[in-house]
Participant: 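Submitted below is the structure of interest, expressed as structure tokens.
In listed order, ligands and their atoms are each counted from 1.
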Amino acid sequence: MYNVICFLKISSLSGGTAMKKRTVLVGMLAALTMFAAGCGGKDAAKESKVLRAGTEPTFAPFEFQEKDSKDFTGFDMDLIRAIGKQMGRDVEIKNMGFDALIPAINSGNIDVVASGMSITEERKKAVTFSDPYYTSGLAIIVRNDENNIKSLKDLEGKTISVQIGTTGADKAASVPGAKVKTFNTNAEVFLELNNKNADAVIIDRPVGAYFLTKEGKGQDKIVGETMDAEPYGFAVKKDSKLAGEINKALGELKKNGEYDKI
Ligand code: ARG
């Protein structure tokens, strides 16, 4: 297309002085370069190779940062990187508050949420989810010295520590008479329990179980059954075709054994 424009303009110059021709040609070339750069720039942005993923990284083993490291580790991190690779896109991971993730999708700050996010009807009103990639569910964590709390029912009137904006926070809020304390990070959520400022934590069972093998070792325990199954999905902008692309990549990773490896 640019060639045609160029050809037309140059041929229309025939007849002028050599000097005039040169000046006009130089000007045209400059304009053309800017035009091409402008268009190219736009295309590059649209087909940006970088897939920007948002996460709240205090959720081991799904997303966390090793002590003294800024790198993001965990199942979701490996999986979204593998999905990006499958799609031919680099993955950039951004650290944000859990309650900031869906707003960041809607403002276009990130392309995808990779943060152990449960697929819920409420969230589906705001974003589109990929196919489920993991099945989780909530559990109750208490200190080892706690003998009266064995189920959700026993939390009535108790103090429950949860992460802000999570399904655990919703569950805690549904317990009659419970006092719910919300925190930005799960480090704070567990600290509140072990400082004896809360009676229990409600959190995704695999995350609670992992905590019990780390900082919670010898201090805390899981009680009761896992609550309802909660599938995790990658969230993207509502109706974005990115969901289909992620599903395709996820399917390929499941088929080629990469998913199982992760
Ligand atoms: N699965 C829960 C939810 O969707 C908790 C997720 C918390 N994730 C995190 N990276 N902190 O609400």
Participant: Give the atoms of ligand 1, by number and element, whose distance to some non-hydrogen atom of Met117 is under 4.0 Å.
Facilitator: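 Listed by number with element: 4 (O).
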
Participant: Quick one: look at Asp204 and ligand 1, take heavy-atom pairs under 4.0 Å, and tell me if it's side chain, backbone, both or neither.
Facilitator: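 It is the side chain that touches ligand 1; the backbone stays farther off.
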
Participant: Would you mind checking which non-hydrogen protein atom is closest to atom 8 (N) of ligand 1, with the distance to 0.1 Å?
Facilitator: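 Result for atom 8 (N) of ligand 1: Ser115 O, 2.9 Å.
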
Participant: Have a look at ligand 1 and work out which part of Lys171, if any, has a heavy atom under 4.0 Å from it: side chain, backbone, both or neither.
Facilitator: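 Neither part.
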
Participant: Step through the shown structure and confirm whether more than 12 heavy atoms of other residues, nucleotides or ligands are within 6.0 Å of CG on Asn148.
Facilitator: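 Counting neighbours around CG of Asn148, 12 or fewer heavy atoms of other residues, nucleotides or ligands fall under 6.0 Å, so no.
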
Participant: Could you tell me which residues satisfy ring pair (Phe, Tyr, Trp, His ring centres under 6.0 Å) with Tyr232, sequence neighbours excluded, listed by chain and number?
Facilitator: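 Scan of Tyr232 (ring pair (Phe, Tyr, Trp, His ring centres under 6.0 Å), adjacent residues dropped) gives Phe62, Tyr134.
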
Participant: Test of understanding: with ring pair (Phe, Tyr, Trp, His ring centres under 6.0 Å), list the residues that count as partners of Phe129, not counting sequence neighbours.
Facilitator: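 Expected list: none.
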
Participant: Taking heavy atoms and a distance under 4.0 Å, where does Tyr232 meet ligand 1: side chain, backbone, both or neither?
Facilitator: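 The side chain, only.
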
Participant: Any idea which protein heavy atom is nearest atom 6 (C) of ligand 1, and the distance to it?
Facilitator: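 Result for atom 6 (C) of ligand 1: Gly116 O, 3.3 Å.
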
Participant: Going by the order shown, which atoms of ligand 1 are within less than 4.0 Å of some heavy atom of Glu63?
Facilitator: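 Near Glu63, meaning under 4.0 Å from one of its heavy atoms, ligand 1 has 9 (C), 10 (N).
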
Participant: Is there a side-chain contact between Ile202 and Leu155, using heavy atoms and a 4.5 Å cut-off?
Facilitator: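 Sidechains of Leu155 and Ile202: in contact.
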
Participant: Could you check whether any side-chain heavy atom of Leu242 comes within less than 4.5 Å of a side-chain heavy atom of Lys237, counting everything from C-beta outward?
Facilitator: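 In short, these two side chains do not touch, never coming nearer than 4.5 Å.
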
Participant: Give the single entry among Ile203, Thr167, Val207, Val162 that approaches atom 12 (O) of ligand 1 most closely by any heavy atom.
Facilitator: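 Heavy atom nearest to atom 12 (O) of ligand 1 belongs to Thr167.
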
Participant: Less than 3.5 Å apart, any donor N or O on the side chain of Glu192 or Ser161 sitting next to an acceptor on the other?
Facilitator: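 No, no side-chain donor-acceptor pair sits under 3.5 Å.
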
Participant: N/O of Thr58 under 3.5 Å from N/O of ligand 1, yes or no?
Facilitator: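 The answer is no, given that Thr58 and ligand 1 share no N or O pair closer than 3.5 Å.
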
Participant: So, Gln163 versus Glu56: side-chain donor-acceptor pair below 3.5 Å or not?
Facilitator: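 There is such a pair (donor and acceptor under 3.5 Å, judged by atom type) between the side chains of Gln163 and Glu56.
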
Participant: Hey, which atoms in ligand 1 end up nearer than 4.0 Å to a heavy atom of Gln163?
Facilitator: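 Numbered from 1, ligand 1 contributes 7 (C), 9 (C), 11 (N).
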
